[in-house]
Amino acid sequence: MFTRIPTVLRSQEIINKSFLKASKITEPYHPKIEDKIRKEITDRISTIESITYSHLMKLVKKFPTIEKLHPFYEDMIDLMFDIDQYKVSLSKAQWAAERVETLSTDVIKRLKKARKTEQLTQMMREYYGRYSSIVNSIDKELKFLSRCRDWLRQIPDIDPEMPTFIIAGMPNVGKSSLLSKLTGNIPKVAPYPFTTQNIFIGYMELGGRKIQVIDTPGILDRPMEERNEMELKSILSLRDIKGTIIFLFDPTGHSSYSAEQQENLFQEIKRRLRPNVIRVQTKADLTEDRTEQIAVSTETLEGFDELKAEMLKLISQKVAA
């Protein structure tokens, strides 16, 4: 949803682009030299105004408005950037656009009253100086917005309003295999901005509704006390997604984590994120022991009907509510 944010030009880049385009404007012929120069200067100022205003206002319109964002995305932005600074930077970009527009209109009006060549060229120089001063005054804000834009484009394209299931559990318990089997295709990969990991998103039809299934490797797979503040906040941002966690338990020992370690992580996630959690035993084909009510195998597809039935029940309950 953030891929449409345009590249943010720095102040000098805007100035150079505007001046270059303006310098190519010439009035080929006019009986009076004063009128020729007046027309050239007027057209150059209009060009500078148009390029600058268009770029800055496009930034204001294309950057997401915090108040209109889903809390999931608001939390993600707040993690990496000061929201107040974000708002101020966009406000200053709009101020500069409007200030350039006002300045240009004022100078063009005064050009009509000037009668001498010297007056016209002096007004042009003054305009260029005042224009440059306005645009240069927001360079810090443009630099900030450029960093925001690069980061926002990495945010995974999750639909927070779509019925969602987030797969969690210790490493090597079968999370990615379950995601692939549930969705029936190769999940799309998106970078997760708070970690070095990616997230994997797949889609499936259930009860006539499209749902998204998310695997977050490296995010929901170890105790919270082992995480730094940024990682912990990134996990908590998942609370804003209206979904259910499918927590996987591997009782076979193949994942190298004990039942106690897995249970402790389950309790942490349930406490910190949401009470809606489905407990699922994985690798059911490798053991006859059944430690959970729902036990699945991605090899034989054992237990998948029971898992989907439980998922559908939860979706139906939320729709009815």
Does Asp82 offer a backbone N or O that forms a donor-acceptor pair with the side chain of Lys87 under 3.5 Å? no
Hphob cluster co-occupancy, Leu9 + Trp95, side-chain heavy atoms under 4.5 angstrom: yes
Looking at Val277, is its backbone amide N or carbonyl O close enough to the side chain of Thr244 to form a donor-acceptor pair, meaning the two atoms are under 3.5 Å apart? no
Quick one: does Val296's side chain get under 4.5 Å of Val280's, heavy atoms only? yes
Indicate the atoms forming the closest heavy-atom contact of Leu56 with Ala96, along with that distance. CD1-CB, 3.9 Å
In this structure, are over 12 heavy atoms from other groups packed under 6.0 Å from Lys283 atom NZ? yes
How would you list, by chain and number, every residue that makes a side chain to side chain contact (heavy atoms under 4.5 Å, CB included) with Phe63, sequence neighbours excluded? Ile5, Val8, Leu59, Tyr86, Leu90, Leu145, Cys148, Arg149, Leu152
Is a salt bridge present between Lys36 and Glu40, judged by a nitrogen-to-oxygen distance below 4.0 Å? yes
Donor-acceptor contact present, side-chain Asp215 to main-chain Leu179, <3.5 Å: no
Does atom NZ of Lys58 have more than 12 heavy-atom neighbours from other groups under 6.0 Å away? no
Side chain to side chain, Tyr73 and Ile66, heavy atoms closer than 4.5 Å: no
Determine the minimum heavy-atom distance between Ser256 and Gln261, stating which atoms define it. O-OE1, 4.3 Å
Are Glu306 and Arg290 close enough for a salt bridge, meaning some N to O gap below 4.0 Å? no
Residues in side chain to side chain contact (heavy atoms under 4.5 Å, CB included) contact with Thr65, at least two apart in sequence or another chain: Glu67, Lys68
Is any side-chain heavy atom of Arg99 closer than 4.5 Å to a side-chain heavy atom of Arg130? yes
Side chains of Phe266 and Ile245: closer than 4.5 Å at any heavy-atom pair? no
Please tell me if the side chains of Val173 and Tyr257 come closer than 4.5 Å, counting only heavy atoms from C-beta onward. no
Heavy-atom side-chain proximity of Lys270 to Phe247 below 4.5 angstrom: no
Keeping to residues at least two apart or across chains, list the salt bridge (charged side-chain N to carboxylate O under 4.0 Å, His left out) pairs with something in residues 44-57. none
With sequence neighbours left out, write down each residue that passes side chain to side chain contact (heavy atoms under 4.5 Å, CB included) with Arg147, or none if nothing qualifies. Phe81, Phe144
Considering all heavy atoms of both residues, which atom of Ile211 and which atom of Met162 are nearest to each other, and what is their separation? C-SD, 3.8 Å
Mark yes or no for whether Glu302, through its side chain, and Ser297, through its backbone, hold a donor-acceptor pair below 3.5 Å. no
Presence of salt bridge, Lys39 and Asp43, under 4.0 angstrom: yes
Below 4.0 angstrom, N of the basic side chain to O of the carboxylate: do Arg279 and Glu263 qualify? yes
Going through the checks in order, is the side chain to side chain contact (heavy atoms under 4.5 Å, CB included) test met by Leu178 and Ile167? CA-CA 8 Å; Leu178 178 65; Ile167 300 175; 4.1 Å; yes
Is it true that the side chains of Gln94 and Glu98 contain a donor and an acceptor less than 3.5 Å apart? yes
Supply the atom-to-atom distance Thr52 OG1 to Phe19 CZ, rounded to the nearest 0.5 angstrom. 8.5 Å
Closer than 3.5 angstrom, by distance alone: can the side chain of Glu161 be matched with the main-chain N or O of His70 as a donor-acceptor pair? no
Any non-hydrogen side-chain atom of Glu299 less than 4.5 Å from a side-chain atom of Leu286? no
Check: Thr121 side chain, Glu118 main-chain N or O, donor-acceptor pair, under 3.5 Å: yes
What are the two closest heavy atoms between Ile48 and Ser18, and how far apart are they? CG1-O, 3.8 Å
Name all pairs fulfilling the salt bridge (charged side-chain N to carboxylate O under 4.0 Å, His left out) condition that reach into residues 16-25, sequence neighbours left out, sorted by first residue then second. none
When you measure from the side chain of Thr252 to the backbone of Asp250, do you find a donor-acceptor pair of N or O atoms at a distance under 3.5 Å? no
Lys112 side chain near Thr42 side chain, heavy-atom distance below 4.5 Å: no
Test item: His55 side-chain N/O and Ile14 main-chain N/O as donor-acceptor pair under 3.5 Å: no
Whether the side chain of Arg10 engages the backbone of Ser146 through a donor-acceptor N/O pair (distance < 3.5 Å, no angle test) should be reported. no
With a cut-off of 3.5 Å and sequence neighbours excluded, list every side-chain donor-acceptor pair involving residues 103-111.
{"residue": "Ser104", "atom": "OG", "partner": "Val100", "partner atom": "O", "Å": "2.7"}
{"residue": "Ser104", "atom": "OG", "partner": "Tyr127", "partner atom": "OH", "Å": "2.7"}
{"residue": "Thr105", "atom": "OG1", "partner": "Glu101", "partner atom": "O", "Å": "2.9"}
{"residue": "Asp106", "atom": "OD2", "partner": "Arg110", "partner atom": "NE", "Å": "3.4"}

Keeping Gln212 on the side-chain end and Asp159 on the backbone end, is there a donor-acceptor pair under 3.5 Å? yes
